[in-house]
Engineer: 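For reference, the structure I am asking about is given below.
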Amino acid sequence: MIRKRLVYILLFLILMVSLAACSQVPKNQDQSNLKVLAVESFLADIVQNVTGDRLEVETLMPRGLDPHSFEPTPKDVARINDSDILFVNGAGFEAWLEDIIENIPEELVVVEASAGLQSRAVVEEEYADEDEHDNEIDPHFWLDPTLVITYAENIRDGLIVIDPAGEEIYTSNTEEYIQQLKDLDVYIQEKISVIPVERRLFVTNHESFGYFADRYGFKIVGTIIHSVSSGSAPSAQQMAELVDQMRATGAIAIFMETGSNPQLAEQLSTETGIKVVYDLYTHSISEAGGNAPSYIDLMKYNVEQMVSALAE
Ligand SMILES: [Zn+2]
């Protein structure tokens, strides 16, 4: 009799355990089915650091493309509509997205990674035609790793909205990544310290290194394209002014970004005798096995190029 009762209890326990296991299944399936999409490759890498192994992150934009002039295909729009969460840089960086966002499914969560950050003022002396730049927002926050801390926090909060069960994992991954960002900041300060302050001069393709310059004590002598976007071409007069600025400040190098047309930089170089450094990564990480396969690698690689061009 006792033995029979024990068998019943055992059967009951097995039933309970199986029921508990079954109720776990749909939850796990939900989470692994979540479609996570980030617009830019550097952003996808940051998101992947926050999700860890829990979710797989896809990138919308092919690597090496100029996001300022990106034109989405119908397939890109379908990928956006098909995702559960979409990460964008924000601050006007993805102007092409505005119309698409108006028509996305209601349940799709859109996270602006830079939400809460204040745009730097585009400094007047950086341009001779400053009036045009009064209302410009500079979206390139990520080139200062201390600002990417805000990105990681926004990403974490967005992920918790679509996958509350993963909160602990996302929170702990974010803390770990923030520490890596702080270490990166210290690393950059140490590396840059070999460049004398008076040699910390940027001539770049477009206005992308503002936050980096602010953080690490660089001065922007001028940019070939007078904009935080990279769409417009400079006039002959603007090019002549840039040549004058470069001579007056003793600029040492012209820094080009991957994916940009080097023709104007080479023209400046011929005119001034100032060398061109070709491959800073700004809008895109490299393929795996390349020079900058992650956001942190991208920053380290750029700093290496700056140090080798500008240190005495
Ligand atoms: Zn840019």
Side-chain angles (χ1 to χ4, degrees), residues 38-46 59-72 87-98 112-115 117-123 126-127 129-130 132-148 150-151 202-216 218-234 238 242 253-265 268 276-286 291-292 294-295 297-299 301-303 305-306:
V39 171
E40 298 87 10
S41 56
F42 72 86
L43 189 57
D45 174 65
I46 298 167
T59 309
L60 182 73
M61 219 179 266
R63 282 167 200 205
L65 220 82
D66 182 353
H68 292 291
S69 55
F70 181 66
E71 285 177 24
F87 291 97
V88 305
N89 179 76
F93 192 48
E94 296 96 350
W96 52 268
L97 199 65
E98 278 163 24
E112 240 183 74
S114 68
L117 291 171
Q118 282 295 316
S119 177
R120 73 190 289 267
V122 177
V123 181
E126 286 165 16
Y127 298 108
D129 52 348
E130 69 258 22
E132 285 174 30
H133 300 276
D134 280 353
N135 299 314
E136 270 195 328
I137 294 172
D138 183 348
H140 303 86
F141 296 107
W142 68 91
L143 292 172
D144 172 352
T146 65
L147 300 180
V148 177
T150 301
Y151 280 43
F202 275 143
V203 178
T204 54
N205 184 54
H206 77 300
E207 175 93 358
S208 49
F209 280 96
Y211 298 101
F212 183 96
D214 292 347
R215 176 78 191 158
Y216 301 109
F218 280 74
K219 186 179 181 330
I220 297 172
V221 170
T223 57
I224 296 173
I225 295 161
H226 285 211
S227 173
V228 290
S229 184
S230 56
S232 52
Q238 287 170 329
L242 182 53
I254 306 161
F255 293 96
M256 291 301 289
E257 304 155 80
T258 57
S260 56
N261 183 347
Q263 211 186 338
L264 292 170
L268 281 175
V276 182
V277 176
Y278 283 96
D279 57 346
L280 294 192
Y281 289 82
T282 48
H283 302 124
S284 179
I285 58 175
S286 70
N291 291 323
S294 74
Y295 163 72
D297 291 331
L298 169 157
M299 294 300 294
Y301 183 79
N302 285 350
V303 167
Q305 303 308 303
M306 291 170 194

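Position 1 is the first residue of the sequence, and the numbers go up from there. Indexing begins at 1, ligand by ligand and atom by atom, following the structure's order.
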Engineer: Using ring centroids (six-membered ring only for Trp), state whether F42 and Y295 fall under 6.0 Å.
Structural biologist: no
Engineer: In terms of the angle between their ring planes, are W96 and F70 parallel, tilted or perpendicular, with boundaries placed at 30° and 60°?
Structural biologist: perpendicular
Engineer: Scan side-chain atoms only and decide if Y281 and D297 contain a donor-acceptor pair under the 3.5 Å cut-off.
Structural biologist: no
Engineer: Check whether the ring centres of F218 and F209 lie less than 6.0 Å apart, and answer yes or no.
Structural biologist: no
Engineer: Using the ring of each side chain (for Trp, its six-membered ring), is H68 parallel, tilted or perpendicular to F93, with breaks at 30° and 60°?
Structural biologist: perpendicular
Engineer: Which protein atoms of type N, O or S are found under 2.8 Å from the Zn ion (ligand 1)?
Structural biologist: H68 NE2, H140 NE2, H206 NE2, H283 NE2
Engineer: Look at the aromatic rings of Y151 and F141 and report parallel, tilted or perpendicular, splitting at 30° and 60°.
Structural biologist: perpendicular
